[in-house]
J.: 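Provided herewith is a single structure, encoded as structure tokens, for subsequent inquiry.
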Amino acid sequence: ENAVMPGTVFTSPIKGLFGSVFKKTPKLLGRWAVSDESMKTINELKNIYSKSSGLQNLDTLIEGLKSKTIGEKEAYHEISEFGRGIKKKYGLDIELVQPGSVQEATETGNYASMNIKPNTIVIEEQITGDPLHFAKELRHEYGYYLVKSNYGGQVPLLKDVPNFKGGMGE
């Protein structure tokens, strides 16, 4: 196994998008133990990110919101442009739903999902009041969509997942 210092491979945009890959990577004595297969996956994720202007624009927006160099009005404009772009390029929709709906269907603390409705990022409406949270949720779900589509797969719907017990997935 290769030992890679945190930050060398696990850059903020990649880690924010694809957290599940990193949760499976064990932390060992202050270093990340990364297998050759994990390195291949990380490099593939970096490649997907580098080819996606949508992900890069969301990441720039998130950094601007964090540093307060982008205001709320501009942020909402950028989010609207992102929504129009993914609709035009991929036919994806963004649908706002009542608070608690996504969490009921998935898990507590999860405010957005691509797994509820085909070709739709379903997102709880209360997070639209926080443009930083809204942009992070969009980045995560859109990244998930890109990973699935880059590997020839479709995003599975919860209703099609055996033994899933979420509210909207039943």
Side-chain angles (χ1 to χ4, degrees), residues 4-25 32 34 37-97 102-103 105-107 109-158:
V4 181
M5 291 299 293
T8 304
V9 172
F10 305 100
T11 60
S12 176
I14 302 298
K15 188 173 181 184
L17 284 169
F18 309 110
S20 61
V21 171
F22 300 95
K23 288 177 186 170
K24 295 176 185 171
T25 307
W32 291 91
V34 182
E37 188 62 33
S38 293
M39 283 301 295
K40 180 180 174 193
T41 301
I42 291 165
N43 289 331
E44 289 170 353
L45 295 177
K46 285 182 176 182
N47 187 42
I48 291 169
Y49 176 80
S50 71
K51 291 179 179 179
S52 173
S53 60
L55 288 177
Q56 292 173 25
N57 290 343
L58 283 173
D59 203 50
T60 299
L61 173 62
I62 289 165
E63 292 308 312
L65 286 165
K66 285 180 180 177
S67 66
K68 309 269 190 238
T69 58
I70 295 178
E72 283 192 13
K73 186 176 181 180
E74 184 180 352
Y76 288 118
H77 174 76
E78 292 296 320
I79 289 169
S80 293
E81 289 298 311
F82 169 78
R84 281 190 278 283
I86 64 171
K87 176 68 173 177
K88 183 177 179 180
K89 188 169 184 175
Y90 299 106
L92 296 178
D93 292 311
I94 298 171
E95 181 179 323
L96 300 179
V97 296
V102 174
Q103 294 177 80
T106 59
E107 63 185 338
N110 187 26
Y111 300 96
S113 179
M114 285 281 317
N115 303 102
I116 295 172
K117 193 172 181 181
N119 297 320
T120 305
I121 298 173
V122 178
I123 194 162
E124 292 187 10
E125 64 186 8
Q126 77 271 21
I127 70 158
T128 62
D130 177 354
L132 178 60
H133 190 182
F134 193 15
K136 285 180 175 181
E137 292 286 353
L138 289 172
R139 178 181 69 175
H140 177 78
E141 295 304 325
Y142 181 58
Y144 172 68
Y145 169 80
L146 290 177
V147 168
K148 291 296 281 185
S149 61
N150 269 278
Y151 289 98
Q154 293 183 337
V155 175
L157 297 178
L158 295 177

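Positions are given from 1 along the sequence.
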J.: Is a side-chain donor or acceptor of Glu95 paired with a backbone partner of Val122 at a separation under 3.5 angstrom?
T.: no
J.: Roughly how far, to the nearest 0.5 Å, is the CD atom of Glu141 from the CG atom of Leu92?
T.: 11.0 Å
J.: Between Tyr145 (side chain only) and Asn119 (backbone N and O only), is there a donor and an acceptor less than 3.5 Å apart?
T.: no
J.: Is a side-chain N or O of Ser80 found less than 3.5 angstrom from the main chain of Glu78, in a donor-acceptor match?
T.: no
J.: Any chance you could measure Ile62, atom CD1, to Leu132, atom CG, to the nearest 0.5 Å?
T.: 6.5 Å
J.: Taking Pro131's backbone N and O only, do any of them form a donor-acceptor pair with Glu72's side chain (distance below 3.5 Å, no angle check)?
T.: no
J.: Identify the two heavy atoms, one from Gln56 and one from Lys51, that lie closest to each other, and give their separation to 0.1 Å.
T.: NE2-N, 4.2 Å
J.: Can you tell if the side chain of Ile127 reaches within under 4.5 Å of the side chain of Phe134, non-hydrogen atoms only?
T.: yes
J.: Identify the two heavy atoms, one from Asp59 and one from Arg139, that lie closest to each other, and give their separation to 0.1 Å.
T.: OD1-NH1, 2.5 Å
J.: Please report the interatomic distance OG1(Thr128) to CD1(Ile94), rounded to the nearest 0.5 Å.
T.: 11.5 Å
J.: In Å, rounded to the nearest 0.5 Å, how long is the span from CG of Leu55 to OG1 of Thr60?
T.: 10.5 Å
J.: Report yes if some heavy atom in the side chain of Val102 is under 4.5 Å from a heavy atom in the side chain of Ile123; otherwise report no.
T.: no
J.: Which atom pair, heavy atoms only, marks the closest approach of Asn47 to Ser50?
T.: O-OG, 2.9 Å
J.: Do you know the tightest heavy-atom contact between Leu65 and Ile70?
T.: CD2-O, 3.6 Å
J.: Distance check, rounded to the nearest 0.5 Å: Asn57 atom CG versus Tyr142 atom OH?
T.: 9.5 Å
J.: Please name the pair of heavy atoms, one in Ser52 and one in Leu146, separated by the smallest distance, quoted to 0.1 Å.
T.: OG-CD1, 3.5 Å
J.: At their closest point, which heavy atom of Leu138 faces which heavy atom of Leu58, and how far apart are they?
T.: C-CD1, 4.0 Å
J.: Measuring from Asp130:CG to Lys136:NZ, what's the distance to the nearest 0.5 Å?
T.: 8.5 Å
